[in-house]
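Hydrogens, waters and symmetry mates play no part in the numbers below; they use all other heavy atoms, side chains included. All values reported here derive from a predicted model rather than from experimental measurement.
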Amino acid sequence: MSGANRGVWRAVPSRGAPGGGPHFAVVRTPAVSFRFRPRALVVAGICLAVALGTGVLLIGSGDFPMSPADVVRTLAGQGSPADSLIVNEIRLPRVAAGLAVGAALGLAGAIFQSLVRNPLGSPDILGFSQGAATGVLAVIVLTGAGSVAVAAGAAGGGLLTGLVVYLVAGRHGAHGQRLILVGIGVAAILTGVNGYLITQAEITEAARAVLWLTGSLDGRDWADAAPVIAALAVLGPLVLVGCGRALRMLEMGDDAAHGLGVPIERVRVLLLAAAVLLTALAAAAAGPVSFVALTAPQLARRLTRTAGPNLLPAACMGAALLTAADWAAQRGFPGHQLPVGVVTGLLGGGYLVWLLVTERKTGRM
C-alpha cells in the first residue's frame with residue numbers, strides 16, 4: 001500500500017465474544033471512527049432482503065399477476081407502458097408505504113423499549129398510537145380533509161400525547177414502570193375519546209375512520225407514503241448515528257451515562273420526540289397498526305444475540321414483518337383480503353401473551 005493511501009480505513013476486530021471470537025469491529029478513518037457488530041449487520045441485511053423480496057412479490061400479486069423478474073424489469077424502467085402503470089403508479093406506492101411504516105414502527109419500538117428498559121415499552125401500549133389516532137380522527141370527522149391534513153393531525157396528536165405522558169410521568173419517571181403505567185392510562189382515555197369521535201361522524205366518514213383504525217394499506221398512494229418516508233430519511237440517521245451511542249449509555253443507567261458525558265435529559269427528550277413522530281406519521285400512513293413496534297425489536301435482539309437497542313436490525317425487522325403481514329392479508333385467505341392490522345393483531349397478540357408468560361417465569365414481572 002502506498003504512503004498516500006495508508007491509514008484511509010482500518011477494521012479492528014474486538015475479542016469480546018464468548019470463545020474469543022470477534023464481538024464487534026472498529027472502522028477508523030482520518031475523519032471518523034465508529035464500531036459495528038458484524039452479526040447485527042448480517043441480521044439487518046437479511047431482514048432487509050426479506051422485506052424487499054416480499055415487496056416484489058406483493059407488487060406482482062393481484063388481478064394482473066406478474067413474475068418477480070417482470071416486476072424488477074419494470075422497476076428498472078424496462079417494462080411496457082401497461083406494466084409501468086400497474087407497478088409504478090398503482091402497486092409500488094402501497095408497498096413503499098408498507099416498508100416505510102414497518103421500518104418506522106420497528107425503529108420507534110426499539111427506542112421506546114431501550115428508554116424504558118422494558119420489553120413492553122411500545123407505542124401501542126404507551127398510548128402514542130392512540131394519540132395519533134385521535135389527531136387523525138379529529139381531522140377526518142371534523143374536516144374530512146385529505147392526506148396532508150391527516151398526516152398533520154397524526155403528528156400533532158402523537159406529539160401532544162407524548163408531551164402529556166412525559167409531563168405526568170415526570171422527569172425522573174420517563175424511563176421505567178411509571179412511564180408505562182401513565183401511558184396505559186392515557187391510552188385508555190384516548191380509546192374512549194376515539195370511540196366518541198366516531199359516533200359524531202357522518203356514516204361515510206365513520207366507515208372511513210373505522211377502516212383506518214383497523215390498520216390498512218389499501219389504496220395508499222405517494223401522498224400517504226411521503227411523510228413517513230421523509231421522517232425516516234431525516235430522523236433515521238439522526239437516531240442511528242447521532243444518538244445511538246448515547247442510547248446505549250442510557251441503558252446502563254442515568255448515573256453511568258452522566259459519568260460518560262451524556263446529556264441525559266436532552267438526549268432522552270430528543271429520542272422520545274423522534275420516536276413519537278415516527279409512530280405518528282406511520283399511523284397517518286397506515287393507521288395504528290398494532291404490535292409491529294412491540295415485536296420487531298425483540299425478534300431483532302434474539303437474532304443478533306446482542307445487548308443494546310439494535311436500532312438498525314429492529315427497523316429492518318419491522319419492514320419485513322409488515323410486508324409479510326400484508327402479503328398474508330392479501331394471499332393467506334382465499335376470496336378475502338384482510339386489513340394488514342388484523343393480521344398483525346392476531347400474530348402480535350399471541351406474541352404478547354408469550355412475552356408476558358416468559359417475563360413472569362423469569363421473575364421480571
Nearest 0.5 Å please: distance from the [atom1] atom of [X] over to the [atom2] atom of [Y].
X: Gln130; Y: Ile125; atom1: CD; atom2: CD1; result: 9.5 Å
X: Leu92; Y: Leu58; atom1: CG; atom2: CG; result: 11.0 Å
X: Phe128; Y: Leu160; atom1: CZ; atom2: CG; result: 11.5 Å
X: Ile111; Y: Leu311; atom1: CD1; atom2: CG; result: 6.0 Å
X: Leu270; Y: Arg266; atom1: CG; atom2: CZ; result: 9.0 Å
X: Arg73; Y: Ser67; atom1: CZ; atom2: OG; result: 6.5 Å

[X] (side chain) donor-acceptor with [Y] (main chain) under 3.5 angstrom:
X: Arg220; Y: Val95; result: no
X: Asn194; Y: Leu197; result: no
X: Thr295; Y: Phe291; result: yes
X: Thr344; Y: Gly341; result: yes
X: Gln330; Y: Leu338; result: no
X: Arg91; Y: Ser61; result: yes
X: Asp326; Y: Leu322; result: no
X: Gln113; Y: Leu294; result: yes

For residues [X] and [Y]: do they belong to one hydrophobic cluster (side chain heavy atoms under 4.5 Å, members Ile, Leu, Val, Met, Phe, Trp, Tyr)?
X: Ile59; Y: Leu52; value: yes
X: Val164; Y: Leu271; value: yes
X: Val50; Y: Leu217; value: no
X: Val267; Y: Leu238; value: yes
X: Val72; Y: Ile90; value: no

- Task: Show your reasoning for whether side-chain contact (heavy atoms from CB on, under 4.5 Å) applies to Asp218 and Arg94.
- Result: CA-CA 7 Å; Asp218 290 343; Arg94 173 186 177 131; 2.7 Å; yes

- Query: Between Leu321 and Leu105, does a side-chain contact (heavy atoms from CB on, under 4.5 Å) hold up when you go through it step by step?
  - Reply: CA-CA 10 Å; Leu321 286 177; Leu105 291 176; over 6 Å; no

Do you know which two heavy atoms are closest between [X] and [Y], and how far apart they sit?
X: Pro93; Y: Ala225; answer: O-CB, 4.2 Å
X: Gly109; Y: Pro123; answer: CA-CD, 4.3 Å
X: Ala293; Y: Asp124; answer: CB-OD1, 4.0 Å
X: Leu281; Y: Val228; answer: O-CB, 4.0 Å
X: Ala282; Y: Ala104; answer: CB-CB, 4.3 Å
X: Ala296; Y: Gly106; answer: CB-CA, 4.1 Å

- Item | Listed partners of Ala51 passing side-chain contact (heavy atoms from CB on, under 4.5 Å), at least two apart | Leu99, Ala319, Ala320, Thr323

Can you check whether [X] reaches [Y] side chain to side chain, under 4.5 Å on heavy atoms?
X: Leu213; Y: Leu137; value: yes
X: Thr199; Y: Tyr196; value: yes
X: Thr279; Y: Phe112; value: yes
X: Asn88; Y: Leu75; value: yes

- Message: Applying salt bridge (Lys or Arg N to Asp or Glu O under 4.0 Å), can you list everything that pairs with Asp83, at least two apart in sequence or on another chain?
- Response: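 Expected list: none.
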
- Are Met317 and Asn310 close enough, and set up right, to give a side-chain contact (heavy atoms from CB on, under 4.5 Å), and what steps lead you there? CA-CA 10 Å; Met317 177 64 75; Asn310 288 284; over 6 Å; no

- Please test Leu247 against Leu115 for side-chain contact (heavy atoms from CB on, under 4.5 Å), starting from the C-alpha separation and ending with a verdict. CA-CA 7 Å; Leu247 188 57; Leu115 285 177; 3.7 Å; yes

